[in-house]
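When reading the values below, keep in mind they use all heavy atoms of this one structure, side chains included, and skip hydrogens, waters and symmetry mates. Since this is a predicted model, take the numbers as computed values, not measurements.
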Amino acid sequence: MSQLQGKVAWITGAGTGIGKAAAQALAAEGAGIVLSGRRRAPLVELADQLKAQGATVLVKTGDVTRSKTARNCVDAIVARFGRLDILVNNAGLNIPERNWRDLQPEGADAVLQTNLSGAFYCVLAALPVMRKQNDGVLIHVASWAGRFVGPLSGPAYTASKHGMVAMSHSINCEECVNGIRSTVICPGEVATPILDKRPVPVTKAQRAKMLQPEDLGDLVRYIAGLPPHMCVNELLVTPTLNRSYVAALRQAHVKS
């Protein structure tokens with residue numbers, strides 16, 4: 001029997017990148033899959049692929065920056081499956097304006113609302129169901145920028161991901177007594193479409209040396225399948241060729 005047979009997983013930002021890879025990995029372990037995101041077309045395409053492989057899939061489009069979206073999605077999940085075991089909080093974005101000089105309120109709002117408020121709304125919607133089950137796994141895709149402050153990701157993205165890290169740990173502070181585990185993953189560079197928003201283009205050769213979406217999907221699968229008595233609070237993972245380290249080495253050599 002597959003490891004997650006009978007479990008139900010909700011993945012936000014599921015149309016591409018890490019969300020898509022996580023959905024594929026969890027479906028391969030037998031979980032029922034709920035795909036959500038703003039764009040319906042990639043969700044339906046992925047749903048068709050998963051169904052062809054024998055998975056049970058529900059598609060729910062919507063904008064997670066609206067709290068009602070998360071509540072409606074959980075209501076639909078409970079109506080369809082009767083339970084919710086895994087939430088993968090993956091929806092996120094960044095913008096090209098990555099310094100205080102260029103940042104505008106509209107851009108900051110877009111990043112903070114999607115990356116942090118949206119994650120909060122999904123957690124708030126999922127927790128009551130998980131409490132009733134006395135069981136549940138929350139997995140949040142943060143960033144290296146959620147642990148280390150630097151100029152690459154920009155102030156809005158960095159602040160939002162630091163907030164996500166704090167959010168996840170605060171869940172464990174309260175919900176551990178309810179059998180609920182929260183994990184925040186802080187990956188370094190991952191070759192996903194969000195790289196297209198970089199002010200400095202990333203080459204194909206550079207992307208090939210980064211973490212791949214499938215790497216993160218496999219981590220999500222592993223965390224989701226851990227025994228109920230085990231909680232991975234935080235996971236920091238980078239490419240072996242960590243370009244932030246490389247840049248620091250070059251700077252050190254220049255100074256020396």
Please lay out, stage by stage, how Asn178 and Met130 fare under the test side chain to side chain contact (heavy atoms under 4.5 Å, CB included). CA-CA 8 Å; Asn178 296 315; Met130 293 181 174; over 6 Å; no

Under 3.5 Å: donor-acceptor pair, side chain of [X], backbone of [Y]:
X      : Y      : result
Ser153 : Thr158 : no
Asp218 : Asp215 : no
Gln3   : Ala31  : no
Glu174 : Asn172 : no
His162 : Ala145 : yes
Thr12  : Asn90  : yes
Gln133 : Asp135 : yes
Ser170 : Met167 : yes

Answer yes or no: is there an ion pair linking Lys60 with Asp75, defined by an N-O contact shorter than 4.0 Å?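 The answer is no: the pair does not qualify as a salt bridge.
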
Whether Lys209 and Glu189 form a salt bridge (side-chain N of Lys/Arg under 4.0 Å from carboxylate O of Asp/Glu) is what I want to check.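 No, no charged N to carboxylate O under 4.0 Å.
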
For residues 14-28, which side-chain N or O atoms pair as donor and acceptor with protein atoms under 3.5 Å away, sequence neighbours left out?
none

With no hydrogens and no angle check, just 3.5 Å: does a side-chain donor-acceptor pair link Trp144 and Thr238?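 Per modelled atom types, Trp144 and Thr238 side chains form no pair under 3.5 Å.
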
Could you walk me through whether Val8 and Arg80 satisfy the side chain to side chain contact (heavy atoms under 4.5 Å, CB included) test, starting with their C-alpha distance in whole Å, then the side-chain angles of each, then the deciding distance to 0.1 Å, before giving a yes or no? CA-CA 10 Å; Val8 176; Arg80 173 71 178 275; over 6 Å; no

Of the non-hydrogen atoms in Val57 and Ala47, which two are nearest, and what is the gap between them?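 Smallest heavy-atom distance, with atoms named: CG1-CB, 3.7 Å.
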
